[in-house]
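Handing you a structure now.
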Number of protein chains: 2
Amino acid sequence: MKGIRRLAQQLDISIGTVSRALNGKPDVNEQTRARVLEAAAAMGYVPNQAGRSLREGSTKAIGFTIESGADTAGNGDNFFLGVIDGVQAAFSRHHLDLVVLPCSTEEDPSQYLRRMVARGMVDGMIISATHRRDARIELLANARLPFVALGRSGTPGPHPWIDLDFEGVVNRGVDRLVAKGHRRIAVGLPSNDINLGFVFFEGYKAALARHGIPFDPALIIRAGSSEQGGYQIAHELLNLPERPTAVILIYEMMAIGLYRRLNEAGVRPGRDIAVIGFREGPQSRFLSPPLTCFRLSLRDLGVALGESLLASMPAYAEIYPQGLVRRIWPLELVPGESDDFIIPR
Amino acid sequence: MKGIRRLAQQLDISIGTVSRALNGKPDVNEQTRARVLEAAAAMGYVPNQAGRSLREGSTKAIGFTIESGADTAGNGDNFFLGVIDGVQAAFSRHHLDLVVLPCSTEEDPSQYLRRMVARGMVDGMIISATHRRDARIELLANARLPFVALGRSGTPGPHPWIDLDFEGVVNRGVDRLVAKGHRRIAVGLPSNDINLGFVFFEGYKAALARHGIPFDPALIIRAGSSEQGGYQIAHELLNLPERPTAVILIYEMMAIGLYRRLNEAGVRPGRDIAVIGFREGPQSRFLSPPLTCFRLSLRDLGVALGESLLASMPAYAEIYPQGLVRRIWPLELVPGESDDFIIPR
DNA sequence: GCATGTCCCGTAAACGTTTACGACGATACT
DNA sequence: AGTATCGTCGTAAACGTTTACGGGACATGC
């Protein structure tokens, strides 16, 4: 005899009453409820989730899919740990647990997500690293599983998302560089079709146009999102026939590899070339010279993500009346010295 | 009508036969099995995990608990991303899925683990960041849930673990420094009672004794595991009345903050003080001067962790006849220039 | 012809919950 | 007194799956 039955037997009450007592239902004597709660605590009873979710159709857990594999992590250090902490903060008050579902580098993200949805383990899903056309979004919509995406997508059909303000980053970056006389501004983009690459690219072209600078495809350098990617960007950039005087990066880790390659070539950021990095990290302050980059609160972003998901879950919609969330998350410029390089007129 | 019932109805077979066909049981006609499999694929049937695990008592998923919170992460999140990738590689061939369970900074890890175990969501557990006396180990043992710990523990009772070779790290570090004439060697340790701090500490004292160097408690500097911790270590180290000539760190991220503080003080690693860091990361090669540190394959470590857990799960024990795994994971020295500082005799 | 065995399949119970429904006694109201 | 209301509780069905059990059809051996 296990679970709620044992509890009921020990208290000599019916299992229905025990269940109602534990779940705070009204039609139970407060005195017996106290007895039940006390006994439950005493014998360390915890409801079996399988039984509960079989009956309920809900699991009180939500999933957060990320991509595993250290070498593919473009937003290094602790981007996800920070965001996750915020998501948990948003969910904890509703007694929802967060499970992180890492998609192996060897598996297709859509296939993986399909499996995880089918598991019926979660009541909602947060997906990250959205692509230009992302099959996962249609998949989640078809499964009618509430979800929110960390990152926009070109996939048709409305869906909630929160995305970083890449336009703002590239706009302020270009403005800042143009003000210092730069006109040949390179940009390091991801090599795959992740959506932020498109957003960044479009923002870049628009910013150039705003300043009347012609667009040169040679200045678009695509590489992996990691430190190696940054190294490769610097490498290609140095080999360009007409070397750019500035570069804007789209991933946090790129700056490290870029600095390394520039260093090897004797090209010093801030003196011989202007560099604007992406997200501030523990190392950006230490890079020499300090990197001009952008700051955001990972925890706040996580909280916003969590609340957006809650808003799209029927059971919590009235508590979070935000409707369908589509939100651009701002980043704050952190001036360093890596873009001190000024072009004399 | 949903699930296996719908499938059975559509095929006009009983649900028992459908289940047997899907699960590869022998007593089913191969022709009908083919029909069932085809129909299942056609209508995208996937078994409901709640129903299955309620009946089976198993979920085909294993958990990996980590601590969330960006500021508490001494080994950035690519540490876990790398390990996770290896764990998944070990599990994928058995169709076991990995779910990462991040314990919020605001919750007690034991309480959290208790909740997660009670969820009945996983068939096994990998725990990390083991403490000197870790209540989670007794908890898992009592729950009879197979588990393996990433990190040793002083908790009584045998349990499987894999841990990094902290003794080897501190031994080789001290040897290397002593060979260069150092005798006042500081060490940066974690401020909490995480077990690796004890192991490192004991190894440090043993290494000193081996070289006949008296132990000076003032050279033990405890700080957080993050970049800020490294900054604080450098700060305290610089203020010591008799300044050490060398320092060994225990966390990857500490090196960055330590360099920063040393830089502020005009003390250059490799010239004015010898520094040996812990794990090699994207930034360690770039730090100026390059950091002497240690390398390990995160993926291989993850594979070993996964296989150790499989070995302790009854259902897989005969495939992985390793018994109770207790394993010290080696690290490879990566010489840099940060410990080039030689003490003249 | 009968016992035995084999192959395939249907039936029903069980896993641990939650909840709709009804029952019971006590109280209040007409 | 009869009836309606209320508070409290027990009963049983349902969620979707797996599997022990048994039965029917057919073949084989005596």
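The chains referred to below are lettered A, B, ... by the order of the sequence lines, with proteins before strands, and numbering in each begins at 1.
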key: Sequence neighbours excluded - side chain to side chain donor-acceptor pair (under 3.5 Å) pairs with any residue from residues 143-155 of chain A   =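 Matches after skipping sequence neighbours: A:Arg152-A:Asp163, A:Arg152-A:Glu167, A:Ser153-A:Thr155.
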ask   = Is the CD atom of A:Glu106 crowded by more than 12 outside heavy atoms at less than 6.0 Å?
value =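 Yes, the 6.0 Å shell around CD holds more than 12 heavy atoms from other groups.
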task = Using the test ring-ring contact (aromatic ring centres under 6.0 Å, His included), find all partners of B:Tyr45 that sit at least two apart in sequence or belong to another chain.
result =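 Here no residue qualifies.
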message = Could you work out, with salt bridge (Lys or Arg N to Asp or Glu O under 4.0 Å) as the rule, every residue matching A:Arg133, not counting sequence neighbours?
response =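 Counting only residues at least two positions away or on another chain, A:Arg133 forms a salt bridge (Lys or Arg N to Asp or Glu O under 4.0 Å) with A:Glu138.
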inquiry  = Atom CD of residue position A:Glu318 - does it have more than 12 heavy atoms of other residues, nucleotides or ligands inside 6.0 Å?
reply    =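 Correct, the count exceeds 12.
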request  = Encode nucleotides 9-18 of chain D as B, S and - characters from 5' to 3', where the letter depends on protein heavy atoms closer than 4.0 Å: B to the base, S only to sugar-phosphate, - to neither.
outcome  = BBB-BBBBBB
task = Decide if atom CZ of B:Arg33 counts as having more than 12 heavy atoms of other residues, nucleotides or ligands within a radius under 6.0 Å.
result =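 More than 12 within 6.0 Å, yes.
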message = List the residues meeting side chain to side chain contact (heavy atoms under 4.5 Å, CB included) with B:Arg132, not counting sequence neighbours, and say none if there are none.
response =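 Result, side chain to side chain contact (heavy atoms under 4.5 Å, CB included) vs B:Arg132: B:Asp193, B:Asn195, B:Phe198.
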ask   = For the helix from C:dG1-D:dC30 to C:dT30-D:dA1, what angle lies between the axis at the first five pairs and the axis at the last five pairs, to 10 degrees?
value =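 Result, rounded to 10 degrees: 60°.
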